[in-house]
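Note: hydrogens, waters and symmetry copies are ignored here, and every other heavy atom, side chains too, is used. Numbering starts at 1 and runs along the sequence shown.
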Amino acid sequence: MADASKERVQRIDQLVEQVDAIPDPESRASAHALMEAILELHGAGLDRMLEIVLDSGESGKAALRRFAGDELIASLLVLHDLHPDDIETRVQRALAKMSGNAELIGVFEGVVRIRLANSHCGLKESVEAALREAVPDAAEFVIEEALPTAGFVPVESLGSSLVTVG
């Protein structure tokens with residue numbers, strides 16, 4: 001996300017913390033209700049805008065694709081559950097940019113399961129950061145380490161699981 005957008009998000013987070021710290025429960029509840037009403041209004045407006053855009057045919061569909069590809073607009077679409085792509089599609093796109101270093105195992109109830117193709121230092125963190133940016137609405141990311149490659153296993157590594165028959 002661009003620096004200006006990150007600063008806006010940080011500012012919003014600070015203001016929400018201030019609202020949450022209001023000691024009077026009625027005032028705090030009113031402030032929360034106001035925030036929810038504003039978000040609902042913006043969401044309804046965005047939804048109506050998308051309807052109008054899509055009513056214009058192929059050019060509207062192309063515009064929607066451009067919206068979905070724009071980081072700021074895409075984040076608003078996700079916030080209001082209006083993004084045209086589901087979580088799985090957005091995960092696949094994010095992973096495609098990582099040159100095959102990770103694969104999607106599946107998505108179930110918002111939990112995204114990923115398997116790393118190798119165990120490069122820092123890969124898990126970079127995959128998770130890319131996914132958090134591309135799919136902020138995912139409930140959780142479960143990232144599994146790379147599976148060991150098949151091959152020779154030294155007898156010493158078997159330890160106590162070695163059984164002698166005789």
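- We find the NE2-CG distance between H83 and D137 to be 8.5 Å, quoted to the nearest 0.5 Å.
- At a threshold of 4.5 Å between non-hydrogen side-chain atoms, the residues R132 and E128 count as touching.
- Put simply, CD1 on I143 and CZ on R115 are 12.5 Å apart, with the number rounded to the nearest 0.5 Å.
- Connection of I87 to F67 is not established within any shared hydrophobic cluster, with ILVMFWY side chains joined at heavy-atom distances below 4.5 Å, either directly or through further cluster members.
- Side-chain contact between R93 and D85 is present, with heavy atoms from C-beta onward closer than 4.5 Å.
- Here the straight-line distance linking atom CZ of R90 with atom CD of E133 works out to 12.5 Å at 0.5 Å rounding.
- For D81, the CG atom sits in a loose shell: 12 or fewer heavy atoms of surrounding residues, nucleotides or ligands are nearer than 6.0 Å.
- Atom CE of residue M98 and atom CG of residue L116 lie 9.0 Å apart, to the nearest 0.5 angstrom.
- Legend: residues meeting side-chain contact (heavy atoms from CB on, under 4.5 Å) with L104, ordered by chain and number and at least two apart, are E88, V91, Q92, L95, V107, V112, I114.
- Side-chain contact between M35 and L15: absent, with no pair of heavy atoms (C-beta onward) separated by less than 4.5 Å.
- A side-chain hydrogen bond (donor to acceptor under 3.5 Å, both in side chains) check over residues 16-25, counting only residues at least two apart or in different chains, returns the pairs D20-H32, D24-S27.
- Rounding to the nearest 0.5 Å places OG of S59 at 11.5 Å from CG of L64.
- Linking ILVMFWY residues whenever their side-chain heavy atoms come closer than 4.5 Å, directly or via other members, leaves I12 and I73 in distinct clusters.
- F141 is not connected to V78 by any chain of hydrophobic side-chain contacts under 4.5 Å among Ile, Leu, Val, Met, Phe, Trp and Tyr, and they are in different clusters.
- The side-chain heavy atoms of L79 and H42, taken from C-beta on, include no pair separated by under 4.5 Å.
- Side-chain contact check for P84 versus K61: every heavy-atom pair is 4.5 Å or farther apart.
- In terms of heavy atoms, A74 sits closest to A68 at CB-O, 3.3 Å.
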Side-chain polar contacts of residues 45-56 - donor-acceptor pairs under 3.5 angstrom, sequence neighbours left out - could you list them?
residue	atom	partner	partner atom	Å
R48	NH1	E51	OE1	2.9
S56	OG	V53	O	2.5
S56	OG	G60	N	3.4

